[in-house]
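To start, I am sharing the structure in question, which I have written as C-alpha cells.
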Amino acid sequence: MDDLRRIDRGAAWTLVGNLLNILPALLELVLLRKFGLEIWGEFLAAQAVVLVAGRVTCLGLDKAMLWYLPNMAKSGRGVRRPAWGAALIVATVGSIVAALAAWPLLRLILPRETQLDLARCVVLAIPFFSASEVFIGALQGVQKFHYRPLLRDLGASAFLAPVALGLSLLFSFGPVSLDIGFLVGHFSIAVLSAWFWSRESRDSRHGPLVPSRALLKYGFPIWMADSVNSAGLRASVLLLSRVAAPGVVGAFGVIQSIWQTAALARRAFETPLVALTASLSASREEVSHLYRKVVQRVLLWQIPIVLVAASAGGTILHLISPHLGSAAQHWGLLTMVVCSFIASGPALGQQVLAGLGHSPRILFNNLFGALSTIFFLWMLTPHLGLIGACFAQGLATLATALMGAFQIRKFAALPAFPGRYHRIVSMTLIFAAACSAAWALFSRTGLPWPAWILGIALVSVWASMAPRYLRAT
C-alpha cells in the first residue's frame, strides 16, 4: 500500500508539472509580441537544435538513473557519487558538442548572417541542460518526485521571459536578451538541480564516481530508444506532409496534440512506476501486485477522458479552430484516444520492463512502433486523408501494444491485461460508442447537446463511483 501511495504521489507531481507548462507558454506569448515573429522563429530554431543536442548528449544516463540508483541503494552502496559522475560525463560531452557540432548546425538552420550572433549564448546551454537532466533523473530515482515540477516542467522557461524582458527593457539589449535568458535559465536549473541532489543524497556519500558497465549497458538502449521515438514522431509528420495537403497536416497536428494531452493520465504514472519497480525488483510478487494496481488506476482515470472525447471531441476541435470539428475529425480523434486507452496495460508493462533492467526491449518496442506508424501512414493517408492518418496512428499504437504484451509476458511473467481489464475496457467502449453516435446524429442538425448531456451523466456516475473504487484498491 505504501508503494502504491508513492506511485500516486509521483503521478500527481508529474501531472502538476505538466499543467505548469502552461505558465511558460503564456510568458512566451509576451516575448513573441515584444520581439516579433521573425526573431522569435529564429530563436525557436536555435533552441530546438540545442534541446535535441542536449538530449543526445544525455547518453540515456538521465533515465538510467531511475533503474540504477534504486539498485545501488538495495545493495547498500551510496548513490551520491554515481549521479555526480554521470552528470560530469554528460556535461563534458555536451561541452564538446557545443564547441564542435552545434554551431555548424545553427549556421544551416539560421541562414541570415546578421542573426547568427544571437545563437552563441544558446549553444552554451547544452552542457547545463544535459547535466540538469541527469540530476533530475537521479532525484526521481530516489523517489523525490516533488522536484520535477520546479526543475523540469517550469525549468529554464521560468527564467527566460523575466531575464529577456528585463535586459531588453532596462538595458536595451535587443534580441540577444532572448539567448542570454535561455542560457541563464539552463545554468540556474543546473545549479539548482545539483544543489537539491547534494542535499537529498547527503546521507549516501559513497559509491563509484565512474559509471559502472551495468549503467552504461542499461543506458545505451534507453538513449537509442528515445532517439528512435523522437525521430519517429518527426518522420511521421514529414511523411504526412509528403502525401497529404497542408491543411491535413495542420489538422492532424492539432488532433495529435489533444491526443498527447489526453495520454498524460497514463504517462504521469510511468516514471514513478520505473523507479518503484527497480526498488522492488528482488520481489516479483510485489512487482506483480504493484503493476496490477497501477494498471487499474490508470484505466480508471482514463475513463472520463474517453467519454469526453466521444461526446464532445468534434466540439472541442471546433472551439480550437472554426475550420475544425467535422465528423471525420471527431472520429479520428476518438480513434486515437480509444486505441491509447486499450493499450494502457502493455504501455505500463514497458515501464515495468525498464524497472527490471530490460532496456533493450524498450529500444526494440520503440523501433517497432516508429516503423509501424510510418507504414500505416504510408498505406492509409493517401486514400483516406486525415481520418486515414488518425487510423494509422491508432493502428500503430495497437500493434506496438501487442508487441509490448508479448514482451511483458515473456520477460516479466506478467499479464499485459490484468484483473478486470477486459470488462473495464469493454464497458467504457460501449458507453463511448453511445456518446459518439449521439454526437454524430445531432451534430448534423446543430449543437449536439444530447451527446453532451449523456457524456456529463456518465462522467457524473464515474465521479460518484471512482473514490470508492480507489479506496478499495
Side-chain angles (χ1 to χ4, degrees), residues 53-94 96-97 130-143 197 201 204 206-232 270-284 287 291 347-370 403-404 406-414:
R55 177 59 56 193
V56 170
T57 57
C58 283
L59 304 177
L61 296 178
D62 54 330
K63 292 190 175 179
M65 292 290 109
L66 297 174
W67 168 81
Y68 185 66
L69 296 185
N71 281 282
M72 292 287 289
K74 282 192 304 181
S75 63
R77 306 176 72 183
V79 299
R80 186 178 197 175
R81 296 180 68 193
W84 271 102
L88 291 174
I89 288 176
V90 301
T92 302
V93 175
I96 295 172
V97 170
S130 303
S132 65
E133 286 294 297
V134 170
F135 285 125
I136 294 169
L139 286 166
Q140 294 184 100
V142 296
Q143 301 175 27
W197 173 247
S201 62
S204 184
H206 303 291
L209 183 64
V210 178
S212 66
R213 181 179 299 179
L215 174 59
L216 298 177
K217 184 179 179 181
Y218 179 89
F220 181 76
I222 293 292
W223 177 45
M224 294 298 296
D226 281 348
S227 301
V228 167
N229 189 49
S230 179
E270 292 180 352
T271 298
L273 183 58
V274 175
L276 265 296
T277 301
S279 66
L280 298 172
S281 58
S283 175
R284 291 304 176 95
V287 170
Y291 166 67
L348 291 169
Q350 290 294 301
Q351 310 310 311
V352 172
L353 289 177
L356 294 175
H358 295 287
S359 58
R361 312 302 169 193
I362 310 301
L363 171 58
F364 182 82
N365 195 270
N366 282 16
L367 181 61
F368 180 80
M403 178 60 67
F406 169 78
Q407 289 179 329
I408 188 67
R409 181 173 292 275
K410 180 176 181 180
F411 298 106
L414 292 174

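Residue indices begin at 1 and follow the sequence shown.
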Q: Would you give the length of the straight line joining atom CD1 of Ile408 to atom CZ of Arg361, rounded to the nearest 0.5 angstrom?
A: 12.0 Å
Q: Could you pull out the closest heavy-atom pair between Ser201 and Arg80, with the gap in Å?
A: OG-CG, 3.1 Å
Q | Tyr291 to Leu348 - nearest heavy-atom pair and separation | A | CE1-C, 4.1 Å
Q: Please report the closest heavy-atom contact between Phe135 and Ala87, naming both atoms and the distance.
A: CZ-CB, 3.5 Å
Q: Please examine the side chains of Ile136 and Asp62, heavy atoms only from C-beta on, and report whether any two atoms are closer than 4.5 Å.
A: no
Q. CG/Leu139 to CG/Leu66 distance, rounded to the nearest 0.5 angstrom?
A. 10.5 Å
Q) Could you state the interatomic distance from OH (Tyr68) to NZ (Lys217), rounded to the nearest 0.5 Å? A) 14.0 Å
Q: Please test Trp197 against Val142 for side chain to side chain contact (heavy atoms under 4.5 Å, CB included), starting from the C-alpha separation and ending with a verdict.
A: CA-CA 10 Å; Trp197 173 247; Val142 296; 3.8 Å; yes
(Q) Rounded at 0.5 Å granularity, tell me how far SG in Cys58 sits from CD1 in Ile222. (A) 13.0 Å
Q. If you take all heavy atoms of Pro82 and Leu69, which pair is closest and at what distance?
A. CB-CD2, 4.4 Å
**Q.** From CG (Leu367) to CE (Met224), nearest 0.5 Å
**A.** 9.0 Å
**Q.** Check: Val56 main-chain N/O paired with Trp223 side-chain donor or acceptor under 3.5 Å
**A.** yes
Q: Work out which heavy atom in Leu353 is nearest to a heavy atom in Phe411; give both atom names and the distance.
A: CD2-CB, 3.9 Å
Q: State, to 0.1 Å, how close Gly355 and Trp67 come at their nearest heavy-atom pair, and which atoms those are.
A: O-CD1, 3.2 Å
Q.
Ser130: which residues meet the side-chain hydrogen bond (donor to acceptor under 3.5 Å, both in side chains) condition with it, sequence neighbours left out?
A. Thr57
Q. If you count the non-hydrogen atoms of other residues, nucleotides and ligands that lie under 6.0 Å from CZ in Phe368, is the total more than 12?
A. yes
Q: Ignoring hydrogens and angles, tell me if any N or O in the side chain of Tyr218 forms a donor-acceptor pair with the backbone of Ala354 under 3.5 Å.
A: yes
Q: Mind checking the CE-CG spacing from Met65 to Leu215? Nearest 0.5 Å is all I need.
A: 4.5 Å
